[in-house]
Amino acid sequence: MSGKAKEILQMDLYGLLGIEITATTKEIKKAYRQKALTCHPDKNPDNPKAAELFHQLSQALEVLTDAAAKAAYDKICAAKKQAEERNRKLDDKRKKIKLDLEARERQAEAQTQDEVQITRTLEEEIARLREEGSRQLEEEQRLIREQIQKERETQQNSDYTQRNFGGERCSRSNITPKLKLKWKCKKDDETNGGYCQEFIFKLLQKYGDVLNVIISSKKRGSAVVEFATVRAAELAVKNESGRSENPLKISWLEGQPEVAPASHFMSAQGSLSNERDYESVVMMKMRQAAERQRLIEQMQKEDEEDETIS
């Protein structure tokens, strides 16, 4: 039995989501969304158990929203309950007789084989979910990220109203830096110009932590990226150009730092006149370009492998 199957069998997936075994897929998704929102790592940065609980909820959603995996899980749970009920009703003497008979007549062998087969079926379904990718889980987590983003925007609008109409000042440090990405994309291009959420995330995370990537569903060739730090966003604006055959246009959407005074700028320029500093900057840009090209080639290779498998 694989480690992941053992982990799932040790959990009460229905109890974790707070639902009955007769719950529909819609009710399962609703319960997951409600539970996941309360323990999402982004909303509980100081709670180390939040990420573990969020992972367990995700496993519950994967299994219970897939008919075959759910059937295998329910069958094992039912077998366990029946065994527990039988053992509860037996007194000590009858339990001993039962164990002796099973040892002599090998009655337990058939039951073990059945359980092994059921467990293998569950493992196969879990492996299939892992290979195919959990579209259900990705969709639910996307909805959660969007809801968290909306809550942040609502809070930011509230801060803006308070700052402009309530007479109180609001610090710019509370604003999460966001960048707007644009690229060429035809209306009938299913690849979206070669850019998807996962590709943009991998492309930009080398500059720092990327909190969110939202591909516009209304305007093709457009996305918004949210960074954890202003420094990471600045590096992305200055250094990232995207695919060579379809470059990116990156601009600030929110949280752009104020331009330093001219004297500071001249001082910074003067420091670059040092030959060693200049060489360091050149080497950094070369490494960034090599990393970007490596990432693009890796993504292209993965796309080709996916097409070969399909």
Quick check against the 3.5 Å criterion: does Asn192 have a side-chain atom that pairs as donor or acceptor with the backbone of Cys196? no
Using side-chain heavy atoms (C-beta onward) and a distance below 4.5 Å, is Tyr195 in contact with Leu181? no
Could you tell me the separation between the OG1 atom of Thr65 and the OH atom of Tyr32, rounded to the nearest 0.5 Å? 10.0 Å
Please report the interatomic distance CD(Gln82) to SG(Cys77), rounded to the nearest 0.5 Å. 11.5 Å
Please indicate whether Asp209 has more than 12 foreign heavy atoms, meaning atoms of other residues, nucleotides or ligands, lying under 6.0 Å from its CG. no
Is the side chain of Gln205 donor-acceptor paired with the backbone N or O of Val210 at a distance under 3.5 Å, no angle test? no
A quick test of your reading: do over 12 heavy atoms of other residues, nucleotides or ligands sit less than 6.0 Å from NZ of Lys182? no
With a 4.5 Å limit on heavy-atom distance, are the side chains of Gln56 and Lys35 in contact? no
Are side-chain heavy atoms of Gln147 and Ile144 found at a separation under 4.5 Å? no
Quick check for you: to the nearest 0.5 Å, what is the distance between Cys185 atom SG and Asp188 atom CG? 8.5 Å
Just so I know, are the side chains of Trp252 and Glu234 near enough to count as touching, which here means a heavy-atom distance under 4.5 Å? yes
How long is the straight-line distance from CD of Gln34 back to CG of Leu57, given to the nearest 0.5 Å? 11.5 Å
Restricting to non-hydrogen atoms, name the atom on Asn246 and the atom on Lys184 that form the minimum distance, rounded to 0.1 Å. ND2-O, 2.8 Å
With Ile126, which of Thr121, Asp66, Ile8 fulfils side-chain contact (heavy atoms from CB on, under 4.5 Å)? Ile8
Should Asn47 and Leu53 count as side-chain neighbours, where that means a heavy-atom distance under 4.5 Å? no
Residues, nucleotides or ligands: over 12 heavy atoms within 6.0 Å of Glu85 CD: yes
Looking at Arg33, Glu27, Lys26, which one forms a side-chain contact (heavy atoms from CB on, under 4.5 Å) with Lys29? Arg33
Over 12 non-hydrogen atoms of neighbours within 6.0 angstrom of NZ in Lys98: yes
For a side-chain contact (heavy atoms from CB on, under 4.5 Å) with Ile214, tell me which candidate from Arg145, Glu226, Arg142, Gln149 qualifies. Gln149
4.5 Å side-chain heavy-atom contact, Leu90 and Ile97: no
When rounded to the nearest 0.5 Å, the distance separating CG of Asp74 from CG of Leu64 is 7.5 Å
Pair Arg128 + Glu125, salt bridge at N-O below 4.0 Å: yes
Within a strict 4.5 Å, meaning less than it, do heavy atoms of the Arg243 and Phe199 side chains meet? yes
For the residue pair Arg152 / Gln155, report whether a side-chain donor-acceptor contact shorter than 3.5 Å exists. no
Below 4.5 Å, heavy atoms only, C-beta onward: do Asn212 and Val224 meet side chain to side chain? no
Once rounded to the nearest 0.5 Å, what's the spacing between atom CD of Gln107 and atom CG of Leu101? 6.5 Å
